[in-house]
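The model shown is predicted, which means the values in this text are computed figures rather than measured ones.
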Protein chains: 4
Amino acid sequence: MFFHIDPADGLAIYDQVVRQVKFAVARGVLSPGELVPSVRELARELAINPNTVARAYQQLQTEKVLQSVRGMGLQVSADARSNCRKERQQLIASRIAQAIAEARQSGLTAEELQVIVEKQIATEYAK
Amino acid sequence: MFFHIDPADGLAIYDQVVRQVKFAVARGVLSPGELVPSVRELARELAINPNTVARAYQQLQTEKVLQSVRGMGLQVSADARSNCRKERQQLIASRIAQAIAEARQSGLTAEELQVIVEKQIATEYAK
Amino acid sequence: MFFHIDPADGLAIYDQVVRQVKFAVARGVLSPGELVPSVRELARELAINPNTVARAYQQLQTEKVLQSVRGMGLQVSADARSNCRKERQQLIASRIAQAIAEARQSGLTAEELQVIVEKQIATEYAK
Amino acid sequence: MFFHIDPADGLAIYDQVVRQVKFAVARGVLSPGELVPSVRELARELAINPNTVARAYQQLQTEKVLQSVRGMGLQVSADARSNCRKERQQLIASRIAQAIAEARQSGLTAEELQVIVEKQIATEYAK
DNA sequence: GTGGTCTAGACCACC
DNA sequence: GTGGTCTAGACCACG
């Protein structure tokens, strides 16, 4: 499966699921019309409680990323892809902006920060 | 004051206080031997609950950044500066690493991410 | 067909089917002795699952509105019309009573409510 | 307390709570800035599970009717009153419209329906 | 099988 | 004390 939950992320688990579903739609791993894994199945795969998955899916429905097909499951909405693409940029950028704001506030110069960031990007994408 | 609390940061408020005290020590804004603001005073300035400040100070004592001076308050420990300098790098780097890991997981390429990061750094340091 | 299913009605689909069969009998659209559409046919027409229709028909048999004719299907019972007429009043009245009770509870005066109701009746019967 | 839960309403309990909070704000029973009953307190009063109240309150937060005051509770938003007033009309009208649509579909004439409605309004407001 | 709702009880951060 | 989150397990409606 394309999800990975990190209990130490700081973000709530249901929120991690929400973000990752959006990312999967943005990437095209999930396509409009496609059924997402069932609540029970995803819960089993991620080793979390079905209610937690249900909560994430519910939020994704109110945000119109998913829509329910009675008795069949939940389906990616037709216009979800473009919305998720836009939102992905914003979600990532704001999280990075927060980290950068703290870095600056900590007294690091832009140059020192630049070094750290480049090293981290290199490390991450080398995996 | 050298602190800035952001309720929307995602981090717990007491944790933000802990980090910012460490950063202030690393920057030299707070020097070894210097007394930090009292719980009540800092709570008033940051408009947060005194219990939250007390909790942050308690953790800082546990981590030997602060030590109590009977009847005077809390002062920055003698060896706090070098420790805080080291930790600053690590705190900042790990938060950035988390954001970058999510960015990669979301399907962004290193190049797309680089663009976002540079833009955010420029924005932040232009303030 | 004399039925109309509204997925957004709030009522369960099988319950909508039950009510509408009763109403059809009350109106005389379905007469005692007449055969109702088969489960499969009605399911196809309403674009719902045959199980849902079967469940509605089962309840209608339990309530003696329909009775099975071996090898033929389900027919409207002899005494169904008068019973359905009585029940129609009660079903409609109680649903309206519920809506009115909520309206009152919401703080609307009888006059304000009267205005809303008359407007809605006019709108509905103008269709 | 100004709430009343009816398990036989058909509506989900959490939805009944959501609607009634909105109605209370619309009526002025709850004023902007005022703290609503705590999750645990309201759960106790209504004899339902705290999670059910929490779910209702959460939805009210996403709809900007309530906002949280850290450690203090949940407060009615500044602009909630006018929004709730508008929504009350719409919530009531649509529920009534549904009942009326069914009444018409059942074969009742506008006149017969009018009689039923007036009787129900009289009954309800005589309580 | 599916999602939707509800209950029960737990731990956490914050005031 | 407050809300926020998570787990566990139940029942219902629908396919």
Side-chain angles (χ1 to χ4, degrees), chain A residues 5 7 9-17 35-43 46-61 66-75, chain B residues 5 7 10-17 43 46-56 59, chain C residues 5 7 10-18 39 43 46-56 59, chain D residues 5 7 9-17 35-43 46-61 66-75:
Chain A
I5 289 319
D9 182 302
L11 286 176
I13 293 178
Y14 81 92
D15 203 22
Q16 294 184 48
V17 174
L35 290 175
V36 295
S38 80
V39 169
R40 292 164 173 82
E41 184 189 343
L42 186 55
L46 300 180
I48 60 179
N49 189 284
N51 279 337
T52 305
V53 177
R55 179 173 180 177
Y57 278 2
Q58 200 160 13
Q59 183 171 330
L60 286 163
Q61 280 184 276
L66 300 182
Q67 57 194 11
S68 87
V69 188
R70 255 206 332 268
M72 294 290 297
L74 295 168
Q75 166 184 83
Chain B
I5 292 309
L11 266 62
I13 292 181
Y14 82 95
D15 201 23
Q16 292 185 49
V17 174
L46 301 179
I48 62 180
N49 191 286
N51 284 337
T52 305
V53 177
R55 178 172 187 171
Q59 183 171 329
Chain C
I5 292 309
L11 265 65
I13 292 180
Y14 83 94
D15 202 24
Q16 293 184 49
V17 174
V18 168
V39 168
L46 301 179
I48 62 180
N49 191 287
N51 283 338
T52 305
V53 177
R55 179 172 186 172
Q59 183 171 331
Chain D
I5 289 318
D9 181 301
L11 285 176
I13 295 179
Y14 82 92
D15 203 23
Q16 294 183 49
V17 174
L35 289 175
V36 294
S38 78
V39 169
R40 292 163 173 82
E41 184 189 343
L42 186 54
L46 300 180
I48 61 179
N49 190 284
N51 279 336
T52 305
V53 177
R55 178 172 182 177
Y57 278 2
Q58 199 160 13
Q59 183 171 331
L60 287 162
Q61 280 184 276
L66 300 183
Q67 57 194 11
S68 87
V69 188
R70 256 207 330 270
M72 294 289 299
L74 294 167
Q75 168 184 79

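- Put simply, CG on Leu11(D) is 16 Å from P on dG4(E), counting in whole angstrom units.
- Look at CG on Asp9(A): it is 14 Å from P on dT5(F), rounded to the nearest Å.
- Contact of the Ile48(B) side chain with the Arg70(D) side chain is registered, since non-hydrogen atoms from C-beta on lie closer than 4.5 Å.
- Distances shown here put a side-chain N or O of Arg55(D) below 4.0 Å from the OP1 or OP2 atom of dT5(E).
- Side-chain N/O atoms of Arg70(D) include one lying less than 4.0 angstrom from OP1 or OP2 on dC15(E).
- Rounded to a whole Å, the CD atom of Gln75(D) is 14 Å from the C1' atom of dT2(F).
- Using a 4.0 Å heavy-atom cutoff across all strands shown, Ile48(B) reaches no nucleic acid atom at all.
- Nearest to the side chain of Ala12(C), among dC14(E), dA13(F), dG3(E), sits dA13(F).
- Annotation: of the two residues near DNA chain F, Val36(D) and Ala47(C), the 5′-most nearest-nucleotide partner is Val36(D).
- Residue Gln61(A) has no polar side-chain atom (N or O) positioned under 4.0 Å from OP1 or OP2 of dG3(E).
- Here the P atom of nucleotide dC6(E) and the CD atom of Gln58(A) are 10 Å apart, to the nearest Å.
- Between the CD atom of Gln16(C) and the C1' atom of dC14(F) there is a distance of 13 Å, given to the nearest Å.
- Of the side-chain N and O atoms in Ser38(A), one or more sit less than 4.0 angstrom from OP1 or OP2 of dT2(E).
- The partner of dC14(E) is dG1(F), judged by Watson-Crick or G-U wobble contacts that both fall below 3.5 Å.
- Toward the 5′ end of DNA chain E lies the nearest nucleotide of Asn51(D), the other residue of the pair Tyr14(B) and Asn51(D) mapping further downstream.
- Taken to the nearest 0.5 Å, the OG1 atom of Thr52(A) stands 10.0 Å off from the CD1 atom of Ile5(A).
- For the atom pair CD of Gln58(A) and CZ of Arg55(D), the computed distance is 4.0 Å after rounding to the nearest 0.5 Å.
- Checking Leu60(D), Val69(D), Val36(D), Leu35(D) one by one against Leu74(D), the side-chain contact (heavy atoms from CB on, under 4.5 Å) holds for a single residue, Val36(D).
- Atoms CD (Gln67(A)) and C1' (dG3(E)) sit 14 Å apart, rounded to a whole Å.
- Distance check: Gln16(A) CD to Ile13(A) CD1 gives 6.5 Å after rounding to the nearest 0.5 Å.
- At whole-Å resolution of the value, CG in Leu35(A) and P in dT2(E) are 11 Å apart.
- Rounded to whole Å, atom P of dA10(E) lies 13 Å from atom CG of Asn49(D).
- A close approach under 4.0 Å does occur between a side-chain nitrogen or oxygen of Thr52(D) and OP1 or OP2 of dT7(E).
- Side-chain atoms of Arg40(A) stay outside donor-acceptor range of the base of dG1(E), with no qualifying N/O pair under 3.5 Å.
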